[in-house]
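Read the structure below first, then the notes.
All values derive from a computational prediction rather than experimental measurement.
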Amino acid sequence: MERREQRAVAVERLDGVTRERFLRDIYPRRKPVVLTGLELGTCTTKWTIDYLSQAEGSKEVKIHVSAVPQMDFLSKNFVYRTLPFDAFVRRAAEVKHKEYFLTEDEKYYLRSVGDDVRKDIADIRKQFPILAEDVCIPEYFEKEQFFSSVFRISSAGLQLWTHYDVMDNFLIQVTGRKRVVLYSPRDAPYLYLSGTKSEVLDVDNPDVEKYPLFVKAKRYQCVLEAGDVLFIPALWFHNVISEEFGVALNVFWKHLPAESYDKTDTYGNKDPMAASRAIQILDRALKTLEELPEEYRDFYARRMVLRIQEKAYRNDYG
């Protein structure tokens with residue numbers, strides 16, 4: 001089985017970027033950038049394992065538990081379990097566990113959710129109010145654009161599947177170290193998508209026999225240390241590896257007009273309304289093509305692709 005690792009382009013790191021500079025010079029470029037030296041509050045020094053455990057106590061949290069380091073949302077190679085928050089923090093910080101659900105070296109992942117996941121967004125101020133007092137979120141967006149603040153804790157070695165989000169976001173690394181691999185929206189044809197997620201789980205050593213086009217995708221990469229903030233523009237694919245036990249906060253905001261988004265979306269990962277309608281129309285068109293013989297179906301499908309390229313593709317990608 002042939003495997004090949006992609007070469008990576010380093011994501012730019014910028015220190016002490018003001019809100020004005022971010023909005024004027026960085027945001028319009030629509031490319032990832034690591035922001036350093038921002039004022040994030042006392043969280044970067046206070047959030048030790050002991051402090052986290054004591055601050056929010058024994059409230060129950062729903063977590064992902066995986067027997068393997070690479071979590072795959074498509075195959076669901078993990079289970080959901082519930083633990084008291086203080087017990088979860090201590091387990092997530094361990095390498096080997098005396099108490100466990102699957103194996104003694106299982107991995108843990110918390111992605112905070114709203115009180116009612118069908119109606120409520122994740123907001124650290126509501127789900128973890130004591131910890132929220134320690135955080136100063138860089139508000140490089142208008143208050144009415146705010147969508148959610150997602151609190152995350154990961155075991156060392158845990159890798160999350162490659163996916164895109166439909167909103168801009170800051171990934172704030174509070175403690176620990178993460179490696180983030182990113183791909184441009186333009187490289188979607190090479191990522192073997194299933195919905196918003198890529199089927200290629202091992203981005204470091206992809207199986208090029210199974211995924212031959214993946215090596216064409218241009219790989220961007222950065223390492224986030226405690227206190228770093230990664231700007232991930234909407235639609236940029238990202239794969240996150242926790243090199244150490246760590247705590248992070250994701251802040252999402254609406255880049256498009258509010259009415260563009262699905263009002264039932266509490267996770268921030270449903271495609272914009274217009275995109276969803278277009279995909280439904282395309283599916284109906286493809287179903288209609290099935291009425292034709294194969295030769296005609298192939299010909300008119302290629303005409304449709306050419307028309308989409310002509311009418312909708314951008315020509316100014318950098």
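Within the 4.5 Å cutoff, the side chain of D168 has no heavy atoms near those of the F141 side chain. Side-chain contact between V240 and Q159 is absent, with no heavy-atom pair separated by less than 4.5 Å. Between R111 and V150, the closest side-chain pair of non-hydrogen atoms falls below 4.5 Å. Residues F146 and I121 are in side-chain contact: their nearest non-hydrogen atoms beyond the backbone lie under 4.5 Å apart. Counting heavy atoms from C-beta outward, P185 and W236 have side chains that approach closer than 4.5 Å. At least one side-chain heavy atom of I137 sits less than 4.5 Å from a side-chain heavy atom of L249. When side chains are defined from C-beta on, F231 counts as touching Y27, because their heavy atoms get closer than 4.5 Å. Contact check for P206 versus Y211: no side-chain heavy atoms found under the 4.5 Å cut-off.
Using modelled atom types, one side-chain atom of T48 and one backbone atom of Y51 make a donor-acceptor pair closer than 3.5 Å. Counting only distance, with no hydrogens or angles, the side chain of Q127 and the backbone of D123 share a donor-acceptor pair below 3.5 Å. Remark: side-chain polar atoms of S194 are not paired, donor with acceptor, to backbone N or O of K197 under 3.5 angstrom. A donor-acceptor pair under 3.5 Å is formed between the side chain of K107 and the backbone N or O of A156. Judged purely by atom type and a 3.5 angstrom limit, H64 has no side-chain atom pairing as donor or acceptor with the backbone of V79. Put simply, the side chain of S198 gets close to the backbone of L191: a donor and an acceptor are under 3.5 Å apart. With hydrogens and angles ignored, the 3.5 Å screen pairs a side-chain donor or acceptor of S149 with a backbone N or O of I124. Checked by atom type and distance alone, the side chain of D115 never pairs as donor or acceptor with a backbone atom of K126 at under 3.5 Å. No side-chain donor-acceptor contact under 3.5 Å links T44 to the backbone of L40. One N or O on the side chain of R19 and one on the backbone of E139 form a donor-acceptor pair closer than 3.5 Å.
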Working note: F214 + Y190, criterion ring pair (Phe, Tyr, Trp, His ring centres under 6.0 Å); need CA distance, chi angles, decisive distance, verdict. CA-CA 5 Å; F214 185 71; Y190 312 134; 9.3 Å; no

Go through it in stages, so that I can follow the logic: the residues are R179 and E244, the test is salt bridge (Lys or Arg N to Asp or Glu O under 4.0 Å), and I'd like the CA-CA distance, side-chain angles, deciding distance and then a yes or no. CA-CA 10 Å; R179 177 165 62 93; E244 301 173 343; over 6 Å; no

Evaluate F85 against F128 for ring pair (Phe, Tyr, Trp, His ring centres under 6.0 Å), listing each step before the verdict. CA-CA 10 Å; F85 181 75; F128 299 93; 5.4 Å; yes

Determine whether E94 and R91 satisfy the following criterion, salt bridge (Lys or Arg N to Asp or Glu O under 4.0 Å), listing intermediate values before the conclusion. CA-CA 5 Å; E94 297 171 344; R91 280 209 211 177; 5.9 Å; no

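With a 4.5 Å cut-off between side-chain heavy atoms of Ile, Leu, Val, Met, Phe, Trp and Tyr, the cluster of M71 takes in F73, F78, Y80, Y109, L158, L160, W161, L201. Listed by chain and number, the hydrophobic cluster partners of I279 come to none, as no ILVMFWY side chain reaches under 4.5 Å of it. As a member of the Ile/Leu/Val/Met/Phe/Trp/Tyr network built from side-chain separations under 4.5 Å, V305 groups with nothing else and remains a singleton. Clustering of Ile, Leu, Val, Met, Phe, Trp and Tyr side chains at separations under 4.5 Å places L286 together with L282, L289, L292, Y296, F299, Y300, M304.
Taken from CG in L52 to CD1 in I130, the straight-line distance is 11.5 Å, to the nearest 0.5 Å. Between the CG atom of L235 and the CZ atom of F237 there is a distance of 7.5 Å, given to the nearest 0.5 Å. With rounding to the nearest 0.5 angstrom, the CG atom of D120 is 10.0 Å from the CZ atom of R118. Note that the CZ atom of R125 and the CG atom of L131 stand 14.5 Å from one another [nearest 0.5 Å]. Atoms CD1 and CD1, on I49 and I153 in that order, are 9.5 Å from each other to the nearest 0.5 Å. If you take OH on Y108 and OG on S155, they are separated by 7.0 Å, rounding to the nearest 0.5 Å.
Under a cut-off of 6.0 angstrom, the local environment of CZ in R303 is sparse, with at most 12 non-hydrogen atoms contributed by other residues, nucleotides or ligands.
Looking at S58 and D86, their side chains never bring a donor and an acceptor atom within 3.5 Å of each other. Looking at Y100 and D105, their side chains never bring a donor and an acceptor atom within 3.5 Å of each other. No hydrogens or angles considered: a donor-acceptor pair under 3.5 Å links the side chains of T264 and D262. Between Q221 and R219, the side chains place a donor N or O and an acceptor N or O closer than 3.5 Å (distance only, hydrogens not considered). Between the side chains of K254 and Q145, not a single donor N or O lies within less than 3.5 Å of an accepting N or O. With no hydrogens or angles considered, no side-chain donor-acceptor pair links D50 and S53 at under 3.5 Å. There is no side-chain donor-acceptor pair under 3.5 Å between N269 and D165. Side-chain contact check for Y261 and D271: no donor-acceptor pair (N or O, by modelled atom type) lies under 3.5 Å. Between the side chains of W47 and D134, a donor-acceptor pair is found at a separation under 3.5 Å.
For the pair S112 and A122, the tightest heavy-atom approach, listed with the atom from each and the gap, is O-CB, 3.4 Å.
Judged by a 6.0 Å distance limit and a 45° cone about the ring axis, R186 is not positioned over the six-membered ring of Y313.
Identified under the salt bridge (Lys or Arg N to Asp or Glu O under 4.0 Å) test for residues 227-242, with sequence neighbours left out: R13-D228. Residue pairs meeting the salt bridge (Lys or Arg N to Asp or Glu O under 4.0 Å) criterion with at least one partner in residues 53-70, sequence neighbours excluded, are E56-K59.
W253 has its ring centre less than 6.0 Å from the ring centre of F170.
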